[in-house]
Visitor: 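Just passing along the structure, written as structure tokens.
When a residue number appears, it is its place in the shown sequence, counting from 1.
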Amino acid sequence: MFYKDSRQVYRVPELDGFEWLVHGFGTRLSHIPALFSNLATLKQVHSASCIAAAGRSGVLGPGDALLEDTPGSVVAVRTADCIPLLLIDERRRAVAAVHAGWRGTVARIAHRAVEAMSERFDSSPSDLHAAIGPGIGKCCYEVGPEVAEQFGGQGRAHIDLPETNRRQLIEAGVTPEHIYASNLCTMCRPEEFHSFRRDKEAAGRLYSFVGLR
Ligand SMILES: [Zn+2]
């Protein structure tokens, strides 16, 4: 079960066991950029492009997944309803932060990010752990026919982005027992999370981060 630490950051107990790792999903009460001096983010474009940060910091991209294996470096994605995913290779000590909205999900970015870790770090999917952070839940994510069609539905429908991404990770070879889902809906919890659907242009962004000590 995800829990919230003293910095108002959600963490995964199973990932706390890796002493070399830093990870977390920020809330609207946490100030993630202030926590790290070597933080890389992306110009996010709803693609399936995966980029190696390779020790760089600042805004990289364009792309929607950031890979890293440099000690002292942290990568992050920024979301408000879209699904943040963190990937951790416990053997290679490599990580990725992934931004998966509906377009990225249709482009199969979760699957693509697992492949990119294999290519860049020689990661084996069976060594990966994946955390699915706070994003819009099926409860609140009703879409029109043109989006529903992309997910095999018809007419207006409720789409389950976290579950669709979980299935992509399994198809990519990640062990189901190594996938940790927050089941936290950004739209249902205004006191904790930004939500673009709820707050429109006034919505802030949540930082989800992962890196090496
Ligand atoms: Zn909801």
Visitor: R189: what forms a side-chain contact (heavy atoms from CB on, under 4.5 Å) with it, not counting sequence neighbours?
Guide: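 Testing R189 for side-chain contact (heavy atoms from CB on, under 4.5 Å), a comparison that skips the adjacent residues, returns Y10, L184, E191, E192, F193.
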Visitor: Taking all heavy atoms of P71 and all of L212, pick out the closest pair and write down the distance.
Guide: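 Answer, listing the atom of P71 first, then L212: CA-CB, 3.8 Å.
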Visitor: For R198, does its backbone N or O pair with a side-chain atom of S195 as donor and acceptor, under 3.5 Å?
Guide: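 Yes, the answer is positive, given that a donor and an acceptor are paired below the 3.5 Å cut-off.
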Visitor: Run the ring-ring contact (aromatic ring centres under 6.0 Å, His included) test against F2 and tell me which residues pass, sequence neighbours left out.
Guide: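 Expected list: F25.
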Visitor: How many angstroms lie between atom CD1 of I136 and atom OH of Y141, to the nearest 0.5 angstrom?
Guide: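 The OH atom of Y141 is 7.0 Å from CD1 of I136, to the nearest 0.5 Å.
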Visitor: Working note: W102 + I159, criterion side chain to side chain contact (heavy atoms under 4.5 Å, CB included); need CA distance, chi angles, decisive distance, verdict.
Guide: CA-CA 9 Å; W102 78 260; I159 300 297; over 6 Å; no
Visitor: Closest heavy-atom contact between D89 and S123?
Guide: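 That would be OD2-OG, 2.6 Å.
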Visitor: Can you list everything that forms a ring-ring contact (aromatic ring centres under 6.0 Å, His included) with H46? Sequence neighbours excluded, please.
Guide: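 By the ring-ring contact (aromatic ring centres under 6.0 Å, His included) rule, H46 matches H99.
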Visitor: For W20 and V95: C-alpha separation, side-chain torsions, deciding distance, then whether side chain to side chain contact (heavy atoms under 4.5 Å, CB included) applies.
Guide: CA-CA 11 Å; W20 55 273; V95 301; 4.1 Å; yes
Visitor: Less than 4.0 Å between a side-chain N and a carboxylate O, is that true for R92 and D122?
Guide: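 Counted as a salt bridge, because a side-chain N and a carboxylate O are separated by less than 4.0 Å.
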Visitor: Taking atom NZ as the centre, does K4 end up with more than 12 heavy-atom neighbours from other residues, nucleotides or ligands that are less than 6.0 angstrom away?
Guide: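 Correct, the count exceeds 12.
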Visitor: Locate the shortest heavy-atom distance separating I132 from P162; write the atom from each residue and the value.
Guide: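 Smallest heavy-atom distance, with atoms named: CD1-O, 3.9 Å.
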Visitor: So if you build clusters from Ile, Leu, Val, Met, Phe, Trp, Tyr with side-chain heavy-atom gaps below 4.5 Å, do I32 and V210 land together?
Guide: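 No.
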Visitor: Under 4.5 Å between side-chain heavy atoms, counting indirect links through other Ile/Leu/Val/Met/Phe/Trp/Tyr residues: same cluster for L42 and V114 or not?
Guide: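 Not linked; separate clusters.
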Visitor: Please report the closest heavy-atom contact between C140 and C185, naming both atoms and the distance.
Guide: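 Shortest heavy-atom contact: SG-SG, 3.8 Å.
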Visitor: Counting neighbours of NE2 on H31 that are heavy atoms of other residues, nucleotides or ligands and sit closer than 6.0 Å, is the number greater than 12?
Guide: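 Not more than 12 within 6.0 Å, no.
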Visitor: How far does CG of D16 sit from CG of D5, to the nearest 0.5 angstrom?
Guide: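 Between atom CG of D16 and atom CG of D5 there are 8.5 Å.
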Visitor: Tell me which pairs pass salt bridge (charged side-chain N to carboxylate O under 4.0 Å, His left out) where either residue lies in residues 170-188, with sequence neighbours left out.
Guide: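 The answer is R108-E171.
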Visitor: Sorted by first residue and then second, give each ring pair (Phe, Tyr, Trp, His ring centres under 6.0 Å) pair with at least one member in residues 54-95; sequence neighbours left out.
Guide: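 Applying ring pair (Phe, Tyr, Trp, His ring centres under 6.0 Å) to every pair that reaches into residues 54-95, excluding sequence neighbours, yields nothing.
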Visitor: Taking R103 for its side chain and V45 for its backbone only, find out whether a donor-acceptor pair lies under 3.5 Å.
Guide: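 The answer is no, because no donor-acceptor pair under 3.5 Å joins these two groups.
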Visitor: Please report whether the ring centroid of H23 lies less than 6.0 Å from that of F18.
Guide: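 So the answer is no for these two rings.
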Visitor: How long is the gap from CG on D81 to OG1 on T186, to the nearest 0.5 Å?
Guide: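 One gets 4.0 Å once the value is rounded to the nearest 0.5 Å.
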Visitor: Can you pull the ring pair (Phe, Tyr, Trp, His ring centres under 6.0 Å) pairs that have at least one residue in residues 69-93, sequence neighbours excluded?
Guide: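 Counting only pairs at least two positions apart or across chains, no ring pair (Phe, Tyr, Trp, His ring centres under 6.0 Å) contact touches residues 69-93.
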Visitor: Compare every heavy atom of A157 with every heavy atom of A148, then report the nearest pair and how far apart it is.
Guide: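 Answer, listing the atom of A148 first, then A157: CB-CB, 4.0 Å.
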Visitor: Among residues two or more places apart or on two chains, list those pairs meeting salt bridge (charged side-chain N to carboxylate O under 4.0 Å, His left out) that have a residue in residues 146-161.
Guide: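 Output for this query lists E142-R156.
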Visitor: Is V106 reachable from V98 through a run of I, L, V, M, F, W or Y residues, each pair having side-chain heavy atoms under 4.5 Å apart?
Guide: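 Result: yes, single cluster for both.
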Visitor: In chain order, what residues pass the ring-ring contact (aromatic ring centres under 6.0 Å, His included) check against H194, with sequence neighbours excluded?
Guide: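 So H194 forms no ring-ring contact (aromatic ring centres under 6.0 Å, His included) with any residue.
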Visitor: Just jot down the side-chain contact (heavy atoms from CB on, under 4.5 Å) partners of T105, sequence neighbours excluded, or say none.
Guide: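 So T105 forms a side-chain contact (heavy atoms from CB on, under 4.5 Å) with A100, F151, L161, T164, N165, Q168.
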Visitor: V74 and L86: same hydrophobic cluster, using ILVMFWY side-chain contacts below 4.5 Å?
Guide: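 Not linked; separate clusters.
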Visitor: Group every Ile, Leu, Val, Met, Phe, Trp and Tyr by side-chain heavy-atom contacts under 4.5 Å, then state whether V77 and L85 land in the same group.
Guide: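 Each belongs to a different hydrophobic cluster.
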Visitor: Would you find a donor on one side and an acceptor on the other, under 3.5 Å apart, between the side chain of T27 and the backbone of Q8?
Guide: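 Yes; judged by distance alone, with no hydrogens or angles, the pair exists.
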Visitor: With F36, which residues qualify under ring-ring contact (aromatic ring centres under 6.0 Å, His included), at least two apart?
Guide: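 So F36 forms a ring-ring contact (aromatic ring centres under 6.0 Å, His included) with F209.
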Visitor: Taking all heavy atoms of T79 and all of P84, pick out the closest pair and write down the distance.
Guide: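 Heavy-atom minimum between the residues: OG1-CG, 4.1 Å.
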Visitor: As an exercise, state the distance from CD of E68 to CG of L39, rounded to the nearest 0.5 Å.
Guide: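 E68 CD to L39 CG: 10.5 Å, rounded to 0.5 Å.
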Visitor: Rounded to the nearest 0.5 Å, what's the gap from CG on L128 to CG on L87? Could you check?
Guide: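 These two atoms lie 6.0 Å from each other.
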Visitor: Taking the side chain as C-beta and beyond, is there a heavy-atom pair between C188 and C139 under 4.5 Å?
Guide: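 Yes, at least one pair of side-chain atoms sits under 4.5 Å.
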Visitor: For residues 49-61, tabulate all N or O donor-acceptor pairs below 3.5 Å that involve a side-chain atom, not counting sequence neighbours.
Guide:
| residue | atom | partner | partner atom | Å |
| --- | --- | --- | --- | --- |
| R56 | NE | A53 | O | 3.1 |
| R56 | NH2 | A52 | O | 2.8 |
| S57 | OG | N38 | OD1 | 3.3 |

Visitor: Using distance only, find each side-chain donor-acceptor pair of residues 200-207 under 3.5 Å and give its atom names and separation, not counting sequence neighbours.
Guide:
| residue | atom | partner | partner atom | Å |
| --- | --- | --- | --- | --- |
| K200 | NZ | R197 | O | 2.8 |
| R205 | NH1 | A203 | O | 3.2 |

Visitor: Roughly how far, to the nearest 0.5 Å, is CD of E90 from CG of L15?
Guide: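 Interatomic distance, L15 CG to E90 CD, rounded to 0.5 Å: 10.0 Å.
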